[in-house]
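Nothing fancy with the numbering, it's 1 onward along the sequence. For the numbers below, each heavy atom of this structure counts, side chains included, while hydrogens, waters and symmetry mates do not. No experiment lies behind these values; they were computed from the predicted model shown. Numbering of ligands and ligand atoms starts at 1, following listing order.
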Amino acid sequence: MKAGVFKDPYDLVAEDGIEVPEIEANEVLIEVRACGICGSDLHMYRHNSHRGVLNRVSKSGKEIPGHEFSGVIRKVGADVEGFAEGERVVGVGMGGFAEFVPVPCNPFQLVKIPDGVSFQEAATTEPMADALQMVRKAQLKDNENVVVYGVGIIGLSVIQALLSQDKAIGKIVAIDISAVRLKKAKELGVYCVNPLDGDVVEQVREICGTTPVSFPPSNPPSVDVVIDCAGYIKSMKSESPLQTALYMVKGDAIGRIVCFGAYESDLAINFMPVIDKQISIIGSQGYASEDLVIALEMMRSGKVNRNDLITHQYPLADIDKAFSAQMSPEAIKVMVLPTEA
Ligand SMILES: [Zn+2]
């Protein structure tokens with residue numbers, strides 16, 4: 001079979017003649033229709049980061065990334081219950097940039113795609129599920145203001161998750177340096193801030209107003225929650241989004257920061273705001289077992305439009321071009337399409 005093989009930073013190309021994976025008794029074999037490129041794949045692509053957990057290693061030792069995919073079940077292991085050959089499914093695992101990939105049968109890694117949801121949309125299920133968990137962890141109260149730092153696919157998914165909540169949300173502010181991403185955020189109806197336009201905290205203060213802190217006295221913007229989907233990329237020229245978030249949130253034990261975006265290097269941080277303002281910092285990774293199904297149902301019912309977030313699509317043979325595209329500021333989600341119906 002054909003697969004995208006990662007060798008070294010900036011060296012990921014499609015190769016042919018790789019053995020079709022064998023499946024274990026609790027696994028299914030999926031013929032992959034669509035597989036998205038994730039931010040974590042880019043961290044690996046640039047710096048080898050997280051290499052050990054982002055690839056499936058084939059029998060012949062080829063490292064195949066790709067963990068957000070959809071396709072059709074072609075084989076079912078002896079112990080698998082509730083799934084059958086020919087069914088359309090979302091898979092989360094490693095090795096999705098390939099014509100075939102094995103996936104264990106459990107609610108975190110394998111779910112059926114409802115009718116009416118395309119393979120491309122379905123391949124965005126994992127980032128949507130991540131977003132649902134982040135919003136849940138933020139424990140929003142009515143009318144709280146939320147800043148979303150970094151509005152690639154994850155940040156935009158967080159905005160979609162916020163907007164689909166039943167409760168009243170205050171102001172939602174998206175921060176990014178990409179005009180294309182901010183345009184998408186604006187289309188979703190939220191406020192937009194570009195760090196290239198000036199001081200971020202000042203711009204957010206203008207949108208949200210301020211809530212003074214009595215001791216030690218300060219005047220941060222009225223931001224209840226920052227959801228940091230940007231993390232830290234070595235090429236960032238200014239202070240880390242986490243640092244800005246510490247300056248940006250409310251004091252008096254109200255401000256929360258949900259951290260999701262990964263860090264490409266260690267950070268030097270002024271941590272005093274955590275104490276002065278009694279900030280809660282909450283880590284978030286992945287999703288709860290029910291989130292994949294909820295995300296797919298949101299797509300089926302039209303509560304969220306995921307097609308709008310897919311900006312580029314490439315055949316597997318052009319996976320190198322797909323990765324280059326995903327690194328450009330014009331990209332939101334780039335899809336690789338390993339097989340066609
Ligand atoms: Zn991912």
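Listed by chain and residue number, the protein N/O/S atoms under 2.8 Å of the Zn ion (ligand 1) are C38 SG, H67 NE2, E68 OE2, with waters left out.
In this structure, the side chain of Q326 engages the main chain of V334 through a donor-acceptor pair within 3.5 Å.
Other residues sharing a hydrophobic cluster with M298 under the 4.5 Å side-chain heavy-atom criterion for ILVMFWY residues are V72, V90, V92, F108, V111, I113, V117, F119, M128, L132, Y287, L292, V293, I294, L296, M299, V304.
With sequence neighbours left out, F97 forms a ring-ring contact (aromatic ring centres under 6.0 Å, His included) with F323.
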Let me have the donor-acceptor pairs involving side chains of residues 184-191, under 3.5 Å, with sequence neighbours excluded, atom names and distances please.
from, atom 1, to, atom 2, distance (Å)
K184, NZ, D308, O, 2.8
E187, OE2, K183, NZ, 3.4

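A salt bridge is defined here as a Lys NZ or Arg NE, NH1 or NH2 lying under 4.0 Å from an Asp or Glu carboxylate O, and E19 with K59 fails to meet this definition. Using a 4.0 Å cut-off between charged nitrogen and carboxylate oxygen, E63 and R51 count as a salt-bridge pair.
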